[in-house]
Protein chains: 2
Amino acid sequence: MKYQKIPEATIRRLSRYSRCLEEMEKGGEEVISSAQLANRCMVNAAQVRKDLAYFGEFGIRGVGYYVKDLLNDIKKILGSNKEWRMVVIGIGNLGSALLSYKDFLKQNYKIVAAFDIDPPQVIGRVSEKLGKPVEVLHINRLKEVAKERRIEIGLITTPPSEAQAVADLLVEAEVRGILNFAPTQIVVPEGFVAKDVFFTTILDNLAYLLSNN
Amino acid sequence: MKYQKIPEATIRRLSRYSRCLEEMEKGGEEVISSAQLANRCMVNAAQVRKDLAYFGEFGIRGVGYYVKDLLNDIKKILGSNKEWRMVVIGIGNLGSALLSYKDFLKQNYKIVAAFDIDPPQVIGRVSEKLGKPVEVLHINRLKEVAKERRIEIGLITTPPSEAQAVADLLVEAEVRGILNFAPTQIVVPEGFVAKDVFFTTILDNLAYLLSNN
DNA sequence: TCAATTTTGTGACTCCTTTCACAAAATATG
DNA sequence: CATATTTTGTGAAAGGAGTCACAAAATTGA
Ligand SMILES: NC(=O)c1ccc[n+]([C@@H]2O[C@H](COP(=O)([O-])OP(=O)(O)OC[C@H]3O[C@@H](n4cnc5c(N)ncnc54)[C@H](O)[C@@H]3O)[C@@H](O)[C@H]2O)c1
Ligand SMILES: NC(=O)c1ccc[n+]([C@@H]2O[C@H](COP(=O)([O-])OP(=O)(O)OC[C@H]3O[C@@H](n4cnc5c(N)ncnc54)[C@H](O)[C@@H]3O)[C@@H](O)[C@H]2O)c1
């Protein structure tokens, strides 16, 4: 297939297909049609086929898709087949929750370091739920440790006033991907990727829908 | 302006404008142009004007928009001018973090109840950060308390296996808006609104961008 | 008072995304 | 082996969303 720009919506749906396929695999299903997958993910069947068509041909006409193979192919496309090494910065309420989030382990996302500016209260913290204990370190060791542990993604859970400064530190440490949970827009240079997760935006959306339906 | 279907993206941007306008108001700015607001929110100026045009005329030609008025108008559009009363269900790592999330207070979102199925460990829990202490109650009191406290939005932070059942309880209690943090797709009847927040989808997105740029 | 300046609101255009519809490929059946 | 059936992959059509460009409205300044 010739090259085309891939819609961001397609990537989001691939992640959804991935989750559904995982459940199907667990359920023992071996082959599915685009219609079945579409149904499960609440999208159009042609949409499923077109999304996949951006990346190649994965199905067999008259048959469908092999669940296991398709799951693998999608993970390869998303880059979620490899293990991603992450750091959490700001070990307060939300940061602690992320540190003990079991699902990250099941997926290929692994928290391998944690930082705070006020470590005495949290230093040496260990979560049994995690495969390995993660010790909370002082933020001034970020650059050094990030390189050492080959960290690729940073999760920012500091107060909003500190978020951009922390992002700058991550950039300096060459951590290329940033997920920011503080309610402030993060800016990073070319070559880096930052995504903001605004809880209030999601709630505003809900509020709008509730007010107008 | 004649009626049109309003794009979901417009609603998301309005929320963004809202946040920027709040900062501007704090900063003492009284009037802004669509270009300035657009710049701040990293969108196109025509986009700002078109988004607003769906709902009426809010600016003055040759002048711009009055920050205070526009903020009010946007909040009215979004429905975020009123106070929304919320419940959190599943007071584990993430649920506890949400319970003590200060920003909800600053906005018009207020957590007025909390439930778990295993309350002995958490009953009577109080967060000083919140205006009023919120006691964690047993899930079997959900329907009764939801009505009593006029709850309109439910935040689900139970394990995924319980999420749909909890959503069903919320529907039964006529809580019309649901925000689900468990990694499983929630289905609700006509007239209710459910949004899923999938952390892994966001990470998959990031992984894709990091793998392909 | 009137021309110059600023900035909105919006029709028209472009670009992107989704859906439709069908030929092509694989399988099943008699 | 030929025909019917199934389901993919994809070009074409339809539908939405974003950008451009300019007339209309307000203001400023001479
Ligand atoms: N609590 C929630 O449920 C929730 C939900 C959505 C978003 N958020 C956002 O996430 C962020 C954290 O929220 P929280 O409730 O966990 O706050 P918190 O105050 O409990 O935690 C913040 C932590 O960041 C640390 N910190 C401050 N400056 C730092 C720096 N420069 N470097 C490293 N660490 C630093 C603090 O010591 C503290 O431990 C906030 O921006 C908040 O708006 C929180
Ligand atoms: N921890 C995180 O940072 C994080 C991030 C994203 C998503 N999530 C999702 O949020 C959910 C909660 O995660 P967590 O880490 O807080 O888990 P957790 O195990 O710490 O908390 C779950 C809580 O739900 C309660 N519960 C179970 N069944 C219930 C029921 N039927 N009714 C009421 N309460 C019930 C449990 O008693 C427990 O207190 C999970 O689905 C998880 O996948 C968590």
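For the numbers below, each heavy atom of this structure counts, side chains included, while hydrogens, waters and symmetry mates do not. Quick note on labels: first sequence line is chain A, next is B, and so on, each numbered from 1. Because the structure is a prediction, the values reported are computed rather than measured.
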Rounded to whole Å, CG of B/Leu37 lies from C1' of C/dG9 at a distance of 16 Å

With a non-hydrogen cut-off below 4.0 angstrom, is A/Ser34 in contact with a base, only sugar-phosphate, or nothing?
sugar-phosphate

Test the A/Arg19-B/Phe198 pair against the cation-pi criterion, namely NZ or CZ under 6.0 angstrom from the six-membered ring centroid and within 45° of the ring axis.
yes

Pair A/Lys68 + A/Glu30, salt bridge at N-O below 4.0 Å
no

Expressed in angstrom and rounded to an integer, what is the separation of B/Asn44 atom CG from C/dG9 atom P?
15 Å

Would you mind reading off the distance between A/Lys50 atom NZ and D/dT7 atom P, rounded to a whole angstrom?
20 Å

Do the side-chain N or O atoms of B/Arg61 get closer than 4.0 angstrom to the phosphate oxygens (OP1, OP2) of D/dA23?
no

For the side chain of A/Arg176 and the backbone of A/Glu152, is there at least one donor-acceptor N/O pair under 3.5 Å apart?
no

Figure out the CG/P separation between A/Asp51 and C/dT19, and round it to whole Å.
10 Å

Is the phosphate of D/dG9, meaning OP1 or OP2, less than 4.0 Å from a side-chain N or O of A/Tyr65?
yes

How close or far is atom C1' of D/dT8 from atom CD of A/Gln36, stated in whole angstroms?
14 Å

Between A/Gly62 and A/Arg49, who's closer to the 5' end of DNA chain C by nearest nucleotide?
A/Arg49

Candidates C/dT18, D/dG18, D/dT27 - which lies nearest the side chain of B/Arg13
D/dG18

What is the separation between atom CG on A/Leu52 and atom C1' on D/dT8, rounded to the nearest whole Å?
11 Å

Contact summary for B/Leu71 and B/Ser18, nearest pair of heavy atoms:
CD1-O, 3.5 Å

Of A/Tyr66 and A/Pro7, whose closest DNA chain C nucleotide lies nearer the 5' terminus?
A/Pro7

In whole angstroms, the gap separating C1' of D/dA24 from CD of B/Glu57 amounts to 11 Å

Between A/Lys143, A/Lys147, A/Arg150, which is the residue that forms a salt bridge (charged side-chain N to carboxylate O under 4.0 Å, His left out) with A/Glu174?
A/Lys147

Starting at atom CD1 of A/Ile60, determine the distance to atom P of D/dG9, rounded to an integer number of angstrom.
9 Å

